[in-house]
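Down below is the structure, laid out as structure tokens.
Atoms within a ligand are numbered from 1 in the order they appear, just like the ligands themselves. Values below: all heavy atoms of this structure, side chains included; hydrogens, waters and symmetry mates excluded.
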Amino acid sequence: MIIREQGSECVENDVTSGAIAKSLKAIFEPSSVAVVGASQREGSVGKAVFKNLLDGEFTGVLYPVNVKAKSVCGVKAYPKLADIDGDVDLVVIIVPAPMSAGVVREAGEKGARGVIVISAGFREVGREGLALEEELTAVCHEYKMSLVGPNCLGVINTDPVYNLNASFARRPPLPGHIGFISQSGALCTAVLDYAARKNIGFSKFISVGNKADIDELALLRYLHNDPQTKVIMMYVEDLRHGFKFIETVREITGGENSTPIIAVKSGRTAAGAAAVSSHTGSLAGSEAIYDAIFHQSGIYRAQAISHLFDYAIAFASQPLPKSNRMAIITNAGGPGIIATDITMNVGLTLAKFSTDTEEALASALPPTANIHNPVDVIGDAGVERYRAAFDAVLRDENVDGVIFILTPQSMTDIYATAQIIPDLARKSGKPVLTSFMGEVDVRQAIDFLEENHMPHYHFPEIAARAMGAMYMHSKWIRRQHLTEIDVKPDCDLARELITEALQKGKTYLGEVEGNQILAAYGFPVLPAKLTTSPAEAAAAVEEFGTAVFKIVSPQVVHKSDLGGVKVGVKDSVEAVAAFNDIVNTIKENAPDADIEGVYVQQMAPKGVEVILGINRYKTFGPLLMFGLGGIFVEIFKDVSFRLAPIRHNAARAMIRSTKAYPMLSGARGSEPCDTDELERCLTLLSNLATDNPEIAELDINPLIVHPEGQGCSVADCRILLDLERVK
Ligand code: ADP
Ligand code: MG
């Protein structure tokens, strides 16, 4: 199968990925750093950056570069990069935007391998800025240097081998295992502040700014290979790659060496603004495409910035649960119930304890305690009761993880209880998340837990959600890829049909041409014929049996709305009447429409009507849609999306993720439908979309899904060709 990639930059990136990894070393692991625009002036960015490098105790050599100053913060300064005697690996640039490209060139001449441009005044300020940014990138490419920024806060590497804080962040992060990539510099500072309070450490911290050169994809690859980074947090405003992103990131998040990624996405994109004339087009907004990209990449999408941390702290310090059987320990009924509810909602279940565990619990707890899950150690529980319960459930083979809840009651020994957790948790090899509810009385205990890298949440439901995220990830790692189905579409025929239409200046294809293209790809189209007289129509009915008559006119897009469809035409007598009837009705309802004839299509047997579609985005390529027809799509917008290409298992997931799926699987005694054939149709659609970039939008509405083993029928389609959306 030919998979054509959208956007040439993806291909470029791929070719040079080795080079990118190497030049990112210059950014994160330099032996010498020059700061152009380093300054002594109070409150200047030039001072903040230089001081951060100095105070952070950068392990290599530092060179301030300043045309006027003799020294900066007591370090001998150089007027120009060229004046520095030694080698310079990394150049950090804080000069006005119009001067930046010149400095980048000097950096290239000096032999630097990486530059970080902190200065603003580029793409974000409009056309002139964009031109400056393009110049910057061009010079970097000329000298084969990688560039972070412009318009960014900088880069931090807490690895003690480097101690690199090349940023103007107000406070340095603690070392730790979270890699953070942010498209907003301002958010970076807030994140650092919050993290400091919570004792959360970072391995690498990158403000990507305008992403003129280095973007998320290159950074994700680097962080994945970084031994210090155990989990990646991302704040994303826009992505500029489609399927290439998915393909690369799947490798990072999947498999044995998986690095989990949690992302929060904000901001609207132009992607959603693409002109829409199809059903799929109107339903596929920018949110749908980002959901699809994250989902297919194995990235866990957080709904709020705070959730980034909720999940990241769990991933950074706890092992993944082997399966979904959780134990909850609590000293209060209510929070235990809430945690149980959420636990069940996020795909986890409550473990059923072994007899040994129940016996151990029964002997350690008072008779009023609940020895079943959720374990209630009762309000007056002291440390020993908590310890016995915690130890017993951790030992149980039926338990894959524990949520440890405490409410500060008058008898509770809060701090001492916290102290039993880290050791027992670590020895068990199972994930443990804690929730010491409250604020003042529990503060000291929470600090202890956080200092000892035990994830803590103010509310047990958030702990349950975080555990759910970890379980989802462990499932993702173990997922099996089904092999691609073997279809041999007649790509050439489809191409010919598309090229021919475009040569004729035809961009809207109705059922007549649309079905020919779909047939070439192996879709189950129904026998049909375009007829131009009642006699011809009658002959077609004789041939096909009961048929559906449809008007064929480029101006009539929604045929039945104008009375252009007649179902159940049984014989030649009915055929003559139906033909005349349809033509007359359209003449009346749409007097200006050019009538090309009547499409006589075999009537499909009964089934469930679904909609399949394509909507292409310039940046990301084709987005595929699936939903149940009728009110499910019109009113409930119950649809699912994936970015093409997809394989069989993604098609299956797409179908199953709609709320109306039970309608297909045989709910309430109804007959199960042929979802295997439906899956096949979705993968065919993916192939069609990736092979033919001219297809901007496509609706198959409806595809009729027949009972199991009886296949599907394409009962209507339309295609919009648009070369503009290719790139
Ligand atoms: P429209 O342009 O109004 O969407 P369609 O071709 O989809 O026209 O026809 C309207 C409806 O008629 C379909 O939603 C479907 O329920 C039914 N229909 C159309 N063609 C067939 C067919 N070949 N077999 C069975 N039902 C059909
Ligand atoms: Mg239709």
Side-chain angles (χ1 to χ4, degrees), residues 276-283 508-519 523-531 537 540-571 574-575 578-579 581-583 585-586 589-590 593-615 625-635 638-639 660 663-664 673-674 677-678 681 685 697-707 710-720:
V276 287
S277 67
S278 63
H279 228 106
T280 308
S282 66
L283 286 162
Y508 171 79
L509 308 181
E511 269 190 286
V512 181
E513 298 94 340
N515 274 343
Q516 289 173 356
I517 294 171
L518 292 180
F523 278 89
V525 299
L526 293 156
K529 193 169 183 208
L530 172 63
T531 65
V541 174
E542 290 297 320
E543 188 184 339
F544 305 145
T546 305
V548 178
F549 279 36
K550 307 181 192 187
I551 195 71
V552 179
S553 161
Q555 288 84 21
V556 183
V557 178
H558 300 287
K559 303 176 290 284
S560 43
D561 289 356
L562 293 174
V565 176
K566 256 201 178 336
V567 299
V569 181
K570 288 198 205 64
D571 52 35
E574 283 186 22
F579 187 98
D581 199 20
I582 283 188
V583 171
T585 311
I586 294 299
N589 291 346
D594 304 312
I595 297 175
E596 291 174 6
V598 171
Y599 197 51
V600 177
Q601 184 175 52
Q602 188 174 75
M603 174 121 169
K606 279 211 166 5
V608 175
E609 296 196 358
V610 301
I611 168 168
L612 266 51
I614 301 171
N615 192 53
M625 185 185 85
F626 164 78
L628 251 71
I631 57 161
F632 293 103
V633 68
E634 305 276 337
I635 299 171
D638 181 22
V639 285
M663 302 272 299
L664 288 166
C673 295
D674 199 336
E677 175 69 358
L678 175 56
C681 287
L685 190 72
E697 291 176 33
L698 181 152
D699 270 355
I700 299 177
N701 184 20
L703 176 83
I704 303 177
V705 190
H706 306 301
Q710 294 172 37
C712 302
S713 313
V714 174
D716 184 23
C717 74
R718 52 175 146 269
I719 300 177
L720 186 79

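When side chains are defined from C-beta on, Q602 does not count as touching V548, because their heavy atoms never get closer than 4.5 Å. Side-chain atoms of I551 and I595, non-hydrogen and from C-beta on, do get closer than 4.5 Å to each other.
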Distance dump, ligand 1 polar atoms to protein, N/O, under 3.5 Å:
unit_1   : atom_1 : unit_2 : atom_2 : d
ligand 1 : 2 (O)  : K559   : N      : 2.9
ligand 1 : 2 (O)  : K559   : NZ     : 3.1
ligand 1 : 3 (O)  : S560   : N      : 2.8
ligand 1 : 3 (O)  : S560   : OG     : 2.4
ligand 1 : 4 (O)  : D716   : OD2    : 3.0
ligand 1 : 6 (O)  : K550   : NZ     : 2.8
ligand 1 : 7 (O)  : N701   : O      : 3.4
ligand 1 : 7 (O)  : D716   : OD2    : 2.9
ligand 1 : 16 (O) : E609   : OE1    : 3.3
ligand 1 : 16 (O) : E609   : OE2    : 2.5
ligand 1 : 20 (N) : K550   : NZ     : 3.0
ligand 1 : 20 (N) : A715   : O      : 3.3
ligand 1 : 23 (N) : Q601   : OE1    : 3.1
ligand 1 : 23 (N) : Q602   : O      : 3.0
ligand 1 : 24 (N) : A604   : N      : 2.9

Give every donor-acceptor pair under 3.5 Å between a side-chain atom in residues 512-519 and any protein atom, sequence neighbours left out.
unit_1 : atom_1 : unit_2 : atom_2 : d
E513   : OE2    : K506   : NZ     : 2.4
N515   : ND2    : Y599   : OH     : 3.0

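E542 pairs by the side-chain contact (heavy atoms from CB on, under 4.5 Å) definition with S572, not counting sequence neighbours.
Inspection of the environment of the Mg ion (ligand 2) yields the following protein N, O or S atoms under 2.8 Å: N701 O, D716 OD2.
Side-chain N or O atoms of S560 include none that pairs as donor or acceptor with a backbone N or O of V565 at under 3.5 Å. Using a distance-only test at 3.5 Å, with no hydrogens or angles considered, no donor-acceptor pair links the side chain of Q710 to the main chain of H706. In this structure, the side chain of D638 engages the main chain of A660 through a donor-acceptor pair within 3.5 Å. Put simply, the side chain of R718 gets close to the backbone of V557: a donor and an acceptor are under 3.5 Å apart.
Across every non-hydrogen atom of A593 and V556, the tightest pair is CB-CG2, 4.0 Å.
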